[in-house]
2 protein chains.
Amino acid sequence: MRQSKEQFRRFLLQKGLKSTRQREIVLDAFLRSSTHLSTEDLYQKVRRRHPNIGYATVHRTLKLFTECGLAEERNFGDGQIRYEWTGDKSHHDHLVCISCGVISEFEDSRIEQLQRDIAARHGFVMTSHRHDLYGLCAKCQEEKVRKGC
Amino acid sequence: MRQSKEQFRRFLLQKGLKSTRQREIVLDAFLRSSTHLSTEDLYQKVRRRHPNIGYATVHRTLKLFTECGLAEERNFGDGQIRYEWTGDKSHHDHLVCISCGVISEFEDSRIEQLQRDIAARHGFVMTSHRHDLYGLCAKCQEEKVRKGC
DNA sequence: CTCGTTGCAAACGGTTTGCACTTCT
DNA sequence: AGAAGTGCAAACCGTTTGCAACGAG
C-alpha cells in the first residue's frame, strides 16, 4: 500500500507525467478496494466522495496502473475488464462463481509446470496464461438446495 | 459434417423453427471453415458467395448453433466472441499466438484432474473452465529472429 | 394463411478519444 | 509559460434488437 503509492509516484516522475489530486484519489480508492473490480466499480466508489471526478479519468488512471505494473487487466468473460492489484502477490489463477460472481484465487505449481511442458512441446514461448474455473461456490450450492432447485 | 447438418435439422424441427436457405448456407460455411472464427469472420466468408445475407442472420444462426450444441462460444480476450465447432472432438484447451493469432489445441488429463481437486478443495462445483496459454508460436519466433528483434 | 425469419438500421454497453479548459511543475 | 491532465460528450466497436417485408410449412 505505502510502497504501491511510492511505486506509482516514481513511475509518473520517470515518464515525465504529473502527480495530480485525481490520481491520488483513484489510487487510494483502488488500494482500499477488494481486488477484481471493473472501471465502473471503481468509478462508483470514487464518485461517492468525489462526485466531480470523471469516468474517463478513472479509466485512464487504471491504464496507468497497468502500465506501471501496479495492476493487471483480467477478463472473466462477463464483458468487462477487471483490474487486479498485483501488489506483493505471486502468480495465481481464479475460481469464479457463476451465480454470485465471487472470485477466489488458487495457485498450483504442478499445473504451472505442466503448462510449461505443453507450451514447449508445441514449440511455443509462453508469455502468459489464463486459467479460470467456473462453477458454484459452496454458499450458492446451499442456497440452491434451500430453494429446492 | 453430414451428421452435424442432420443434428441441426432435428434441433430446428423439435423447436418448431424453420429450415431456411440462409441457415443452410451459414451452416455449410461454418462447417467448411477452420474453427475459432468470429461472427465477422463467418459473415465475410458467407458474404463472398451470398452478398445479400445480413450480419444479423449470421449472428443469430451462430447463437442457434450454440444452443443446439453444434458450437461453443469462446473468448480469447481479443474483444470478440469466437465460435468453435464441437463436432466429435473431446474437451481441449488452447494455445494462442499473440503475434499471428493462430490457435492450436491441447489436452492434458493430469491438468484436468488437478483442476477437479482444486475446485473440490474450495467447495466449488465446477461446471466449466477456461485454460489458455498465450505466447509466440514457433513460426513467429523464427520471424522475430530473422528481423533481428 | 400464419408464424417464424430476414435484412436493415438503429440501440446497446463497455471502452476509448477529441477538445476546450484547468492544473501541475 | 508550457506541457500534461481533466471532464464532458461524442465516437467506437462488437453485439443485440425492433420492425416491416418475406418465405417456409
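Per chain, numbering begins at 1; letters A, B, ... match sequence-line order. What you see is a predicted model; the values in this text were computed from it and never measured.
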- Using ring pair (Phe, Tyr, Trp, His ring centres under 6.0 Å) as the criterion, list what pairs up with Y83(B), not counting sequence neighbours. none

- Query: Near K5(B) NZ, under 6.0 Å, is it more than 12 heavy atoms from other residues, nucleotides or ligands?
  - Reply: yes

- Kindly say whether, by distance alone, the side chain of R23(B) makes a donor-acceptor pair under 3.5 Å with the base of dG4(C)? no

- Message: Suppose we call a contact any N or O donor and acceptor under 3.5 Å apart; does that hold for the side chain of R60(B) and the base of dG7(C)?
- Response: yes

- Closest non-hydrogen contact found for G69(B) with Q7(B) is C-NE2, 4.1 Å

Figure out the [atom1]/[atom2] separation between [X] and [N], and round it to whole Å.
X	N	atom1	atom2	result
R47(A)	dG7(D)	CZ	P	11 Å
E40(A)	dG13(C)	CD	C1'	10 Å
L17(A)	dT6(D)	CG	P	10 Å
R82(A)	dG14(C)	CZ	C1'	12 Å
L64(A)	dC24(C)	CG	C1'	15 Å
E24(A)	dG5(D)	CD	P	14 Å
K18(B)	dC22(D)	NZ	P	15 Å
N52(B)	dC8(C)	CG	C1'	13 Å

Phosphate oxygens OP1/OP2 of [N]: is one of them under 4.0 Å from a side-chain N or O of [X]?
X	N	result
K63(A)	dT16(C)	yes
T57(A)	dG7(D)	yes
Q22(A)	dC24(C)	no
Y55(A)	dT16(C)	no
T39(B)	dG14(D)	no

- Query: Rounded to the nearest 0.5 Å, what separation is found between the CG atom of L70(A) and the OG1 atom of T61(A)?
  - Reply: 12.0 Å

- Flag for E105(B)-H122(A): side-chain donor and acceptor within less than 3.5 Å: no

- Message: Is a donor from one side chain sitting under 3.5 angstrom from an acceptor on the other, for Q113(B) and R116(B)?
- Response: yes

- Of all residues at least two apart in sequence or in a different chain, which pass the side chain to side chain contact (heavy atoms under 4.5 Å, CB included) check with I98(A)? Y134(A), L136(A), T127(B)

- Message: Closest-nucleotide mapping onto DNA chain C: is H59(A) or T61(B) further toward the 5' terminus? I mean the 5' end.
- Response: T61(B)

- NA contact type, S38(B), heavy-atom cut-off 4.0 Å: base, sugar-phosphate, or nothing? nothing

- Sub-4.0 Å heavy-atom contacts from residues 72-81 of chain A onto DNA chain C, ordered by number: G79(A), Q80(A), I81(A)

